[in-house]
Structure formats: C-alpha cells, structure tokens
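Reviewing the structure listed below.
Along the sequence shown, the residues carry numbers beginning at 1.
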Amino acid sequence: MSVSHQSPSNDRKSAVKGRPARPEDERLPIGSSFAYGLQHVLTMYGGIIAVPLIIGNAAGLDGNGISLLIASCLFMGGLATILQSVGVPFFGSQLPLVQGVSFAGVATMTSILAGGGGLPAVFGSVLVASVIGLIVAPAFALIVKFFPPVVTGTVITTIGLSLMPVAAGWAMGGDAEAADYGSMRNILIAVATLAIVLILSRIPVAVISRLSILLAIVIGTIGCLIFGWADFSHVLDRGIFAFPEPFAFGMPTFSAAAIISMFIVIIVTFAETTADIIAVGEIVDTKVDSKRIASGLRADMLSSAVSPIFNSFTQSAFAQNVGLVAITGVKSRFVVTAGGAILVVLGLLPVMGGVVAAVPTPVLGGAGIVLFGTVAASGIRTLSKVEYEGNLNMIIVAVSLAFGIIPVVEPDFYNSFPEWVGIILHSGISSATLMAVLLNLVFNHIGVKAKDRTDRSVFVAGTGRVIRKEEMQRLLDNEAILYEGDTIKNGKIVDCNGEEVPVVTEKQHEKVIDAAQKGEVRSQEDVRRLIAEDEGN
C-alpha cells in the first residue's frame, strides 16, 4: 500500500538537508510569498465581500455603511488568517488556510435583522456564541478519529462540487439582477480566462505555472479593460486610508434567542472548518490530529469573538483557497500569512480594496472553475485509497455525497423543516460531513470489533499495513491472497513499494488499528514504532 504521509524518518532526513520537517513550514522568498498570497486574496475576495454586502443591504445601510462593513470584514479576515497560519500556543492550525467571514451565518443574521434587533443584536449574538464556541472547541476536535479517508474523501469531494455553482455564477456575471447576467460576453470572458490558466499551467517554468491563476486574472482583467468591460472609475470613492472604527454601529445588544441561533451557526462552521483543515492537511501531505484541529477551531472562535468589536462577523476557513493550494502545489503556510497581510492592508486602504473589487466577476469565474474542480479531484484521489471490498464504504460515500449535493441542486429542499435544521443542512459541506461521520460510526465502529473493522488487515488507507501471525501462516500455506504488487522474500511480505509488512500478534493488530483510527498511525514507520513500543513493554 502506498503511504500518503511522510514518515518520521523522512522528516528527519529533510531536516538534515536543510529543508523543513513539515511541507507547510517551507519559507519562500518574500516576493514570491506575496505574489502567491495575492493569488489567494483574489480567489476569495468575492466570497469575503458577499456577506457584508448582503447583511448591509438587509440592515438598510447606505453606501458608506456597506463600505465600512466590507473594510471591516477584510481587516478581520486578514488578522484571522495570520493567526490561523502562523499560530501561537493553543491557537492556529499552522496550515495554509485563508480565513474570512463565514457564509453559514447569513440566513441567521438576516433573521435577527428582520426581528428588529438591528446590527447591534447581530454583533452581540456573534460575540457570545463565539465565546461559547471557544470553550467547546477542544471537545469538538476529539471527533477527528471518526474522519478516516472514506469520510475525508467524501467531504473534500463535496466541498469542490458544492462550490461549482459559485464559479458558474461568477462566470455569468455575479449579479443575477444585472441585465447582462448570463450573457455570451460574460461566458466568453470566463472561458478565455480558463483557457489562459490552462495554457500557463503547461509552461515548463515553475513560477509561471504556479502563478497561473493570478496571471490569468491579471491578463483577463487587462483584456476586459481594453474592451471597456472593466470599470476602475470608482476606485477612489471610499478614500485612501481608513481604520475600522470599533463599534461603529453601536454597542452590541444581547438576545437569548439570537445567541442560540448563532451558536447553531458556530457548530456548522466547526464542521466546515474541520473539513477544510483535514482537506488541506491531505493536500499538503502533513499530519493532522485532534490537537491541531482544536487549535484551528480555537483560532476561528477567537477571531469570531473579536470580529464584532470591529464590525465583522463569524470567521471560518475558505474552501475555495484549499483548491488553490492543490492546483499550485505551493504548500507554505507563510504564503497564506502574506495573503492575510494583504487583506489587512486592503481593510485599511479602501483604495486598494477598490482595485481588487474592480476585477470583472466573469474573470474570477473562469479561474474558479479550475480551483473548485481541483478540490473535487483531490477528494476523488483520497477516495481511491479506500477499501470497498467486504464493507459498506461504498454506501457511506454514495449517501453522503447525495446529501451534500441536495442543497446545491435544490436550495429550497429544507424550507419546510424547522429553522435550526435548515441552518445546519443548508450547507452541502455540513450535510455531507455529518452524514459521512454518522454512517462511518454506524457501519465501521458501533458493534464492530477492532479486528473486523477492515478487510485483510488494512485498517485505514494511507496509514500503513500489518498482517497477523495466523494470516501469515495461511499465506505461506497458499490459503490467503496477496495484495497486488506484494512479493514474498525470505518468508516475509514485501509490498509494491519495497517495504516489509510487519507481522504482529492479535493484540498488536488491535492496538495498531485503534491508533490508526485516532490518526496516530500514518506510515509503515509509525507502525514499526508502535510495535517496538509494545514489545518494549
């Protein structure tokens, strides 16, 4: 079986050669870091300004008020991104994750506004719910052991598929009320941008291929400007510099009903951020355990608790940027840190934000097709490692994917359900995550003995492999079947990668399986270490 994570021995070798032990710790030149960081910002800019636009209009704000909301969300998104990527003790996953205002809370916040509470009630509910979330984050992170590849692959695939309508909407123009929405011109702009991305990706120059998304957006924008399809005339309308004023819309007010509703949103963002952390960990090829997830969730909640002070809302990881990590192959978390710094500057310099906002939406749509499709492809790659024989993993994938796509293809599906159900399941990512975890729990954990959790002693795809002593004897007696690529040398099994498959006792077998389910075993090296520890005891 191939191993998808670096073993500790490989980590040590990398460190000896002067390279970081973890792929995400790589440091690029400052210029490259900010170029790649700008690429992240352009990818998520439309998403991060969508929430303040919607909430500002729902609150009846004028142009200046909405502009202040947008600047505040950019400013807090940048700070949250820096905290998440750089990390301090107990806060931050130290992964290349871009943070921004979560879309999961839009329905709840508009409901609070409709109830007459105004923006102060929205900010109050976000503040209290986030503090509660900060307290319970470590407990939520303990469920990481229920995220084997059959779950993570399904969730990653759903993330990509659920984002495709966003890319399609951007390609059509972004504003469904606009006269040219869905026009052939907009579609052709998106197609041209997509073609530029593909062409640049084929150029055998690492810098160009890795910056293909950013370069395509720049080229597409210049082309639109030449033909008069891009408007930069309003770049200076909001001034050059402005610091987000604390509590600009009044001191927060607190309502029990609003806080409870917002805490449900927090649970949804927990599920989405957990899925994004696991997804980017898979793409970066680094270890993600419950402690790292807890640190990531705490960073989310701390940022969300501070956000209302600076007129912003709940913060969450942006799934679209996970696709950018996958397609560029740039795994450094410090690239995302640079992107966070850019977001902070955009929040302080409305003129810079105006420049980015002037990028034609169809251009972003063309780039988004590649980005979001890459996320789905990464999930499919993970699912290819899953064992489907002798278990119900196929059912887990099928049902979970279906639940994840339902709210995407039919957004009104949950309208007749209680409001709290709709809040949770309206997100395809949350629906797929909850269903995949639940089905995996029912089919692969509850009432299943450790030795029966997997077929032919393979406990979790991509984590390593062992064989029990009695199975080894059956194999030598020609009663068992080798894996494809396995050979027997000197009475030992050697897999297709040339690694010896450890032979273990029944007790050791169960111990290794339990460790794998907890995410503590990710390579043959981890297996050998665990066995050595057992024999040492």
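A centroid separation of 6.0 Å or more is found between the aromatic rings of Phe123 and Phe247.
To the nearest 0.5 Å, atom CG of residue Leu346 and atom CG of residue Leu38 are 8.5 Å apart. Atoms OH and OG, from Tyr414 and Ser431 in turn, are 4.5 Å apart once rounded to the nearest 0.5 Å. A distance of 12.0 Å separates CD1 of Ile309 from OG of Ser72, quoted to the nearest 0.5 Å. To the nearest 0.5 Å, the span separating CG on Leu97 from CG on Asp300 amounts to 9.0 Å. Going from atom CD1 of Ile219 over to atom CG of Leu200 covers 5.0 Å, rounded to the nearest 0.5 Å. Atoms CZ and CE, from Phe91 and Met301 in turn, are 11.5 Å apart once rounded to the nearest 0.5 Å.
A donor-acceptor pair is defined here as one N or O able to donate and one able to accept, closer than 3.5 Å; no such pair exists between the side chain of Gln99 and the backbone of Phe318. Thr81 places a side-chain N or O within donor-acceptor distance of the main-chain N or O of Gly77, the cut-off being under 3.5 Å. Checked by atom type and distance alone, the side chain of Thr337 pairs as donor or acceptor with a backbone atom of Arg333 at under 3.5 Å. Not one N or O on the side chain of Ser32 forms a donor-acceptor pair closer than 3.5 Å with the backbone of Leu28. A donor-acceptor pair under 3.5 Å is absent between the side-chain atoms of Thr221 and the main chain of Val359, judged by distance alone. In this structure a side-chain-to-backbone donor-acceptor pair under 3.5 Å is missing from Asn186 to Pro362. A distance-only check finds no donor-acceptor pair linking the side chain of Asn311 to the backbone of Pro244 [under 3.5 Å]. Within the 3.5 Å criterion, the main-chain N or O of Ala436 finds a donor-acceptor partner in the side chain of Ser400. Here the side chain of Gln315 pairs a donor or acceptor atom with the backbone of Phe313 at under 3.5 angstrom. Under the 3.5 Å distance criterion, the side-chain polar atoms of Ser33 are left unmatched by any main-chain donor or acceptor of Ala338.
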Practice task
Walk me through it: do Thr382 and Thr157 pass the test side chain to side chain contact (heavy atoms under 4.5 Å, CB included)?
Solution key: CA-CA 9 Å; Thr382 299; Thr157 303; over 6 Å; no
Practice task
Determine, step by step, whether Asp180 and Arg185 satisfy the side chain to side chain contact (heavy atoms under 4.5 Å, CB included) criterion, reporting the C-alpha distance in whole Å, the side-chain angles of both residues, the deciding distance to 0.1 Å, and the verdict.
Solution key: CA-CA 8 Å; Asp180 65 343; Arg185 186 191 72 184; 3.0 Å; yes
Practice task
Kindly determine whether Ser130 and Ile266 satisfy side chain to side chain contact (heavy atoms under 4.5 Å, CB included), including the steps that lead there.
Solution key: CA-CA 7 Å; Ser130 299; Ile266 293 297; 4.0 Å; yes
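The two atoms that bring Val363 and Ala216 nearest to each other are CG1-O, 4.4 Å, heavy atoms only. Across all their heavy atoms, Ala341 and Ile82 have their closest contact at N-CD1, 4.0 Å. The two atoms that bring Gly87 and Gln94 nearest to each other are CA-CG, 4.1 Å, heavy atoms only. Ser93 and Ile277 get closest at one heavy-atom pair: CB-CD1, 4.4 Å. Counting all heavy atoms, side chain and backbone alike, Leu225 lies closest to Ala230 at CD1-O, 3.7 Å. The heavy-atom pair separating Leu134 from Arg298 by the smallest distance is CD1-O, 3.6 Å.
Using modelled atom types and a 3.5 Å distance limit, the side chains of Thr273 and Ser316 yield a donor-acceptor pair. For the 3.5 Å distance criterion, the side chains of Gln39 and Thr328 fail to qualify, holding no donor opposite an acceptor.
Scored by the side chain to side chain donor-acceptor pair (under 3.5 Å) test, Thr253 finds no partners at all (sequence neighbours excluded).
The existence of a salt bridge linking Arg292 and Glu24 is confirmed by a sub-4.0 Å separation between a basic side-chain nitrogen and an acidic carboxylate oxygen. Of the charged side-chain nitrogens involved, at least one lies within less than 4.0 Å of a carboxylate oxygen, so that Arg22 and Asp25 count as a salt-bridged pair.
Residues Ser125 and Ile112 meet the side-chain proximity criterion, which asks for heavy atoms closer than 4.5 Å.
Taking the six-membered ring where tryptophan is involved, the planes of Phe227 and Trp229 are essentially parallel, since the angle between them stays under 30° and well short of 60°.
The cationic group of Arg27 lies under 6.0 Å from the six-membered ring centre of Phe334 and within 45° of the ring axis, placing it in a cation-pi geometry.
For Phe90, the CZ atom sits in a loose shell: 12 or fewer heavy atoms of surrounding residues, nucleotides or ligands are nearer than 6.0 Å.
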